[in-house]
Amino acid sequence: MHITADRERCVGAGQCVLAAPAVFDQDDDGLVAPLTLDPGSGEQEAVRQAVNVCPSAAIWIDKE
């Protein structure tokens, strides 16, 4: 799995961090700051949930 995060689109809701805290964080401006772009198999379901709950569609899965 490979993910992309568009910081220009991010609204800083933090839903991705709540859904997948091992993969996403927020920077000092509150914008998405991925901890990894290639999450391991143990994080993939949490990443899918984070993508689904992002209110601005700022994160997506590029490759399964």
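Predicted model, so just to flag it, every value in this text is computed and none were measured.
- The two residues Cys10 and Ser56 come nearest to each other via the heavy atoms CA-OG, 3.8 Å.
- Through chains of ILVMFWY side-chain contacts below 4.5 Å, Val47 is grouped with Met1, Ile3, Val17, Val23, Phe24, Val32, Leu37, Val51, Ile59, Ile61.
- Here the closest heavy-atom approach between residue Val53 and residue Ala19 is recorded as CG2-CB, 4.5 Å.
- In this structure, the side chain of Arg7 does not engage the main chain of Ala33 through any donor-acceptor pair within 3.5 Å.
- Closest non-hydrogen pair, Ala50 versus Ala20, comes out as CB-CB, 4.4 Å.
- Atoms CG and OG1, on Asp62 and Thr4 in that order, are 3.0 Å from each other to the nearest 0.5 Å.
- Within the structure, salt bridge (charged side-chain N to carboxylate O under 4.0 Å, His left out) contacts touching residues 29-54 (residues at least two apart or in different chains) are Glu45-Arg48, Arg48-Glu64.
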